[in-house]
Chemist: 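One structure, pasted below without further comment.
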2 protein chains.
Amino acid sequence: MMAQRPRIRIDPASGVPAVRQIADSLRVLLVEGQLVPGTELPSVRRIAMELGVHFNTVAEAYRQLAAEGWLDLKHGRGAVVVARAVPAVNNRARTEDFRNRLRGMVAQMRSQGISADRIAAELRAMAKRVTRS
Amino acid sequence: MMAQRPRIRIDPASGVPAVRQIADSLRVLLVEGQLVPGTELPSVRRIAMELGVHFNTVAEAYRQLAAEGWLDLKHGRGAVVVARAVPAVNNRARTEDFRNRLRGMVAQMRSQGISADRIAAELRAMAKRVTRS
DNA sequence: GTACATTGTATATGTACACTATACAATGAT
DNA sequence: ATCATTGTATAGTGTACATATACAATGTAC
């Protein structure tokens with residue numbers, strides 16, 4: 001199976017560390033099924049080149065995703081997406097945490113001037129997207 | 001007007017810095033109108049005591065909110081909520097950013113095992129909550 | 001099979017941020 | 001005036017981020 005070219009992008013001005021941006025971007029693709037088990041990811045140096053960061057930064061992101069069970073890192077051979085048993089625990093604490101973080105994000109957007117209607121529309125669109133994925 | 005007691009809480013294990021947790025929590029209350037203009041906030045030392053952090057940490061959060069236009073800090077007198085002219089700019093870039101962050105957060109929750117249905121329900125509930133606030 | 005290119009790994013260094021400690025300055029009540 | 005209370009300013013310490021550089025594992029070319 002050939003190495004895909006996941007279109008990930010990072011924003012240096014966002015304040016969010018590059019490691020987390022990379023891990024977050026890849027996690028989105030993994031969760032949404034755009035990166036399926038068996039796929040070989042590009043090497044850390046290749047992605048680092050494209051993003052303009054050091055390869056160790058990408059390697060750290062890979063390690064985080066490997067720790068979450070998404071990737072299998074093989075020394076000298078690269079990184080492969082693995083079939084992951086998603087924990088089916090519907091933890092109440094995690095849901096609570098999700099709700100709070102969502103509230104925080106919405107508040108931040110409102111504070112920046114995005115209208116309530118616009119935000120609500122985005123939330124509904126995302127809800128629809130999640131259910132059909 | 002008496003000083004209210006905003007029920008904010010921080011989670012030391014979340015990895016999110018305390019400063020941001022405090023600022024985020026207060027911003028939620030401000031955006032949602034649970035803290036109205038004219039309200040005197042508790043002193044930085046009082047909140048710091050309740051949260052178990054140093055008062056300078058709370059002071060920094062206050063300064064951030066003051067920079068956003070939510071608070072008026074008065075040396076020796078405390079912090080007061082001010083009437084804030086919310087910028088009405090519906091920036092497209094900001095909306096884009098919001099969408100991406102939302103995707104990332106949803107992916108993280110899915111990765112942690114929360115079901116798609118549960119997430120969708122939370123998103124819809126938040127959408128409803130936003131529109132009526 | 002040996003050299004070589006390519007891959008992920010490990011360690012060290014500089015920088016930025018978070019958090020705390022401590023001293024300071026402004027305000028209002030006694 | 002004195003004092004307690006408030007936010008402010010500066011310095012010190014620890015941790016995370018990012019890079020540089022050397023290392024180890026793998027597969028291929030010859």
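Hydrogens, waters and symmetry mates play no part in the numbers below; they use all other heavy atoms, side chains included. In this text, all values refer to a predicted model and were calculated from it rather than measured experimentally. Naming: A, B, ... by sequence-line order, numbering from 1 per chain.
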Chemist: Among dA18(C), dA22(D), dG7(D), which nucleotide sits nearest the side chain of Pro17(B)?
Modeler: dA18(C)
Chemist: Taking the basic N atoms (NZ, or NE/NH1/NH2) and the acidic carboxylate oxygens, is any pair closer than 4.0 Å for Arg94(B) and Asp97(B)?
Modeler: no
Chemist: Where the side chain of Phe55(A) is concerned, which of dA21(C), dT8(D), dT21(D) is the nearest nucleotide?
Modeler: dT21(D)
Chemist: Using heavy-atom distances to pick each residue's nearest nucleotide on DNA chain D, tell me which of Arg20(A) and Gly76(A) is more 5'.
Modeler: Arg20(A)
Chemist: Rounded to whole Å, how long is the line connecting atom NZ of Lys74(A) with atom P of dA24(D)?
Modeler: 22 Å
Chemist: Which nucleotide in the list dG28(C), dA20(D), dT22(C) gets nearest to the side chain of Arg77(B)?
Modeler: dG28(C)
Chemist: So which nucleotide from dT22(C), dA18(D), dT9(C) ends up closest to the side chain of Ala18(A)?
Modeler: dA18(D)
Chemist: With a 4.0 Å cut-off, would you call Glu32(A) and Arg103(B) a salt bridge?
Modeler: yes
Chemist: Assess the side chains of Ser14(A) and Gln21(A): does a donor N or O sit below 3.5 Å from an acceptor N or O?
Modeler: yes
Chemist: Taking only the side-chain heavy atoms of Leu73(A) (C-beta and beyond), determine which of dT9(C), dA21(C), dT19(D) contains the nearest atom.
Modeler: dT9(C)
Chemist: Is Arg84(A) reaching over with its side chain to a backbone N or O of Leu71(A), donor-acceptor style, under 3.5 angstrom?
Modeler: no
Chemist: Nearest-Å distance, NE2 (His54(A)) to P (dA10(C))?
Modeler: 16 Å
Chemist: Give Arg45(B) one of three labels, base, sugar-phosphate or nothing, depending on what nucleic acid heavy atoms sit under 4.0 Å from its own.
Modeler: base
Chemist: Quick one: does His75(B) reach the base of dA25(C) with a side-chain donor-acceptor pair under 3.5 Å?
Modeler: yes
Chemist: Once you apply a heavy-atom cut-off of 4.0 Å, does Ser43(B) come out as touching a base, just sugar-phosphate, or nothing?
Modeler: sugar-phosphate
Chemist: Let me know the distance between CE of Met49(B) and P of dT5(D), rounded to the nearest Å.
Modeler: 11 Å
Chemist: For the pair made of CG in Leu41(A) and P in dT7(C), what is the distance, rounded to whole Å?
Modeler: 13 Å
Chemist: Check Leu51(B) against Ile8(B) and note the closest heavy-atom contact, atom names and distance.
Modeler: CD2-O, 3.6 Å
Chemist: Without decimals, in angstroms, what is the distance between Glu60(A) CD and dT15(D) C1'?
Modeler: 14 Å
